[in-house]
Amino acid sequence: MRFIYLIGLALGLVACGAQRGHIIAGSEPIALFDLGYTLDGDWSDVGQVKLAWDHAHTLATLQGLVNRESPRLYTYFVKNGEHDVDRYWWDKYRAEGTWLAGRDTLVYPDIGSLISAFRNKIEGVVVYDPAVPATSNVASAVAGADRLIAVRYDPDDGSLYHQLVKTGLRLPVKVWLVKKDGKPLFTGSGMIPGTSRPSSGSAKNDAYRWFIEHYLKKGKCNTAFGAYYIDQHWMADPTRINRNHHTLSNHDYFVSKNAFFFDLSPWADEPATDDPQQRPGTDLETLKEFLLLAYQQNDNGNAFTHIGGFPPWAFKYTRHAGGKHDDVPTEWEYSRIISAYNAFKDADAIGYGALANASFWQHYPLKDVYPQQQVTDAELVERGYLTTDGKLVDNGKEYLVFYVGDYDAASWLSQTTPTLWDDPNRGKVPLMWCISPVLAQRAPMAMEYRRLSATANDYFAAADNGAGYLMPGMLQAPREVSGLPDATAQWAEHNIPYYKQWGLSITGFVIDGEAPGLNKAGLDAYQRFSPDGIVPQKVPLTLLHGEMPVLRSDEDVNQEDPAVAAQIIVNRVDKRPLRFHWFRNILKSPTWYVQVVEEVHRRNPDIELLDGATFFALYRRYLESTPDAAKGIWPDN
């Protein structure tokens with residue numbers, strides 16, 4: 001072990017006790033910064049709320065630029081209860097023989113010294129307007145495009161703007177999203193500044209449309225990536241959800257990718273709740289403009305747009321904020337809209353929505369393939385499920401599989417690994433862990449760790465709705481909302497490499513929401529990459545499409561009390577007309593599953609929990625031997 005001491009006012013570094021092994025040739029030290037102080041303040045104090053927002057936002061844009069080409073800057077920020085998530089991952093991959101073993105580190109004591117150390121990575125500052133919340137998201141997008149850090153305008157002594165722009169480092173302001181005297185640049189009237197475009201009547205939307213004119217239409221943005229995160233409206237009520245749910249830490253990855261950012265309502269029938277004076281549907285018009293331009297620039301939809309984030313339902317656009325729509329319908333309407341333009345979401349939803357360091361972890365070196373052992377007929381015969389001639393054994397058993405979710409968000413995958421995956425009871429019952437393979441883009445370390453530490457009872461399928469959460473019915477022509485050409489074939493091409501890399505052949509759930517159900521083209525697409533099974537909402541109870549078994553989704557079972565959950569399962573199994581039963585569970589621990597299974601067996605010992613591969617293999621055999629079920633005309637219940 002050795003300690004690194006670098007002394008000097010220009011660098012502003014302090015002693016760092018970093019354990020050292022063999023240094024990776026050519027690697028530079030990793031900068032470490034603890035942002036945890038922004039979670040600890042008194043949030044009845046407006047000054048402390050501003051500090052929390054300002055430091056987290058500026059740091060995220062800096063980190064995105066610094067980590068764009070290589071992993072140089074790591075932060076400690078995200079907490080899940082008593083778990084320090086970022087330290088958890090750092091410690092895991094600092095262990096001997098792992099990716100970060102032997103890398104030297106430098107700890108920075110404050111944000112000013114950190115920015116000073118990486119001054120050569122940035123061109124300057126984009127300053128945004130505290131009076132027009134949308135400008136904070138525009139600033140993140142501009143930061144990625146122009147290699148700037150985002151700073152909120154605040155001339156008060158001690159503000160970050162004062163420290164970085166007016167005194168201290170005196171960084172040059174390259175882009176102003178507010179007038180230099182602090183008055184709003186975007187007013188919702190006249191012409192949108194610097195364009196020949198009339199105002200939308202909404203300062204919020206004018207800011208986004210300014211970005212569209214100056215950046216998106218000029219090809220200065222990478223439209224393969226978008227980011228849907230709450231703007232600085234969060235500061236109006238920061239205690240509504242947990243303290244890291246401004247999700248500013250999530251910006252770093254999308255800044256590194258030069259993505260576009262937005263926070264817009266998907267509803268056409270009312271004004272956005274954060275902008276009640278706008279004409280109803282103005283937000284939606286801007287959202288559609290973003291998505292159509294992205295579609296066109298992504299080779300007319302042959303590449304899909306990867307959008308991080310989720311509707312900020314606790315703060316905006318729902319009944320929680322004075323709107324007329326509930327939470328899930330808002331989620332589904334947003335999904336319906338983006339799907340119509342060949343975009344999917346990496347759904348960092350409220351509760352576990354914060355993710356830090358994705359720009360750092362994106363450089364983690366994954367293997368080309370993570371295979372899974374598939375079940376064979378010979379094994380099913382040996383285990384007593386099939387006769388020697390391939391027929392289902394008539395043993396009176398009811399077969400059960402759990403959709404272990406929801407893992408359609410990199411943030412949820414990262415935060416729940418120490419709390420749920422590391423549960424000591426994992427492996428005691430067979431579980432079908434449903435994880436979107438696209439999460440490997442932002443949380444590759446979590447994807448690989450789960451694979452390499454899995455037991456024989458841990459089987460992996462894809463989460464909704466494959467390699468990204470979209471509603472596949474909105475890819476099918478004729479396409480409501482967008483009117484674009486059918487994109488089911490493109491969806492298959494998008495998914496195939498992800499399923500191949502992660503050894504997937506089952507899609508554990510297909511959310512159809514308010515979109516059309518899968519037609520023949522949609523089913524054909526899924527058969528190409530998910531041949532061993534899918535579970536949509538809008539299909540017959542049973543169906544065999546070619547050789548792909550299709551089972552309609554059933555109930556969610558999320559009751560905390562295992563006895564209550566077990567009774568719901570037993571009651572539902574008793575009512576259904578077939579032997580195969582699927583239930584969806586959200587963020588449940590392996591201990592909960594063990595207890596539920598014990599309770600189920602007490603009530604009905606003929607119900608047997610199976611792993612995903614066995615369940616769908618037996619279900620396929622059942623369909624092959626039951627013509628009406630295979631054709632989708634089996635009794636519906």
Side-chain angles (χ1 to χ4, degrees), residues 12 14 31-66 73-79 84-86 107-118 122 125-140 143 148-171 173 177-178 182 229-252 255 261 263 312 315 353-357:
V14 296
L32 294 177
F33 187 73
D34 189 345
L35 194 62
Y37 63 89
T38 65
L39 301 175
D40 296 334
D42 174 8
W43 283 8
S44 64
D45 182 334
V46 173
Q48 293 189 41
V49 172
K50 289 179 179 179
L51 182 146
W53 175 275
D54 290 347
H55 286 223
H57 192 193
T58 297
L59 177 62
T61 54
L62 175 70
Q63 190 180 28
L65 299 176
V66 168
L73 171 56
Y74 194 89
T75 65
Y76 301 132
F77 176 67
V78 177
K79 304 290 198 304
D84 189 319
V85 176
D86 298 312
V107 173
Y108 290 81
D110 57 72
I111 196 168
S113 64
L114 181 65
I115 293 170
S116 177
F118 288 105
I122 62 175
V125 173
V126 49
V127 175
Y128 61 93
D129 186 354
V132 182
T135 58
S136 64
N137 268 335
V138 175
S140 286
L148 308 174
I149 57 172
V151 179
R152 187 182 61 86
Y153 180 84
D154 183 351
D156 291 348
D157 289 347
S159 72
L160 192 60
Y161 169 81
H162 198 268
Q163 294 173 39
L164 298 180
V165 176
K166 305 302 290 184
T167 60
L169 294 178
R170 296 189 180 274
L171 298 173
V173 178
L177 299 177
V178 60
Y229 295 106
I230 190 169
D231 60 28
Q232 58 189 313
H233 178 83
W234 172 88
M235 286 194 284
D237 191 3
T239 61
R240 182 167 291 199
I241 304 293
N242 62 52
R243 288 198 164 213
N244 56 24
H245 204 76
H246 49 58
T247 55
L248 288 168
S249 59
N250 304 48
H251 286 218
D252 73 307
V255 169
F261 283 73
D263 173 3
F315 298 90
L355 177 70
N357 299 302

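Just the heavy atoms: all of them, side chains too, but no hydrogens, waters or symmetry mates, feed the values below.
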- prompt: Which heavy-atom pair separates L114 from L73 by the least distance, and what is that distance?
  reply: CD1-CD1, 3.8 Å
Donor-acceptor under 3.5 Å (D156 side chain, S159 main chain): no
- prompt: Between F261 and Y229, what is the ring plane arrangement, given parallel below 30°, perpendicular above 60°, and tilted in between?
  reply: tilted
message: Main chain of D54, side chain of T58: is a donor-acceptor contact present, judged purely on distance under 3.5 Å?
response: yes
message: Please evaluate residues F315 and D231 with respect to the criterion side chain to side chain contact (heavy atoms under 4.5 Å, CB included), reporting the C-alpha separation (whole Å), side-chain torsions for both, the decisive distance (0.1 Å), and the verdict.
response: CA-CA 10 Å; F315 298 90; D231 60 28; over 6 Å; no
message: Is the ring pair F77/H246 parallel, tilted or perpendicular, if the boundaries are 30 and 60 degrees?
response: parallel
- line: Rounded to the nearest 0.5 angstrom, the CG-NE2 distance for N137 and H233 is 12.5 Å
message: Is it true that D86 and N357 share a donor-acceptor pair across their side chains at a distance under 3.5 Å?
response: yes
query: With under 30° as parallel and over 60° as perpendicular, where do the rings of Y161 and Y153 fit, or are they tilted in between?
result: tilted
- request: Could you go through the side chain to side chain contact (heavy atoms under 4.5 Å, CB included) check for I115 and L164 one step at a time?
  value: CA-CA 9 Å; I115 293 170; L164 298 180; 3.7 Å; yes
- line: Nearest heavy-atom contact between S136 and Q232 is OG-N, 3.1 Å
field: Parallel, tilted or perpendicular, as decided by the 30° and 60° cut-offs, for the rings of H57 and H251
entry: perpendicular
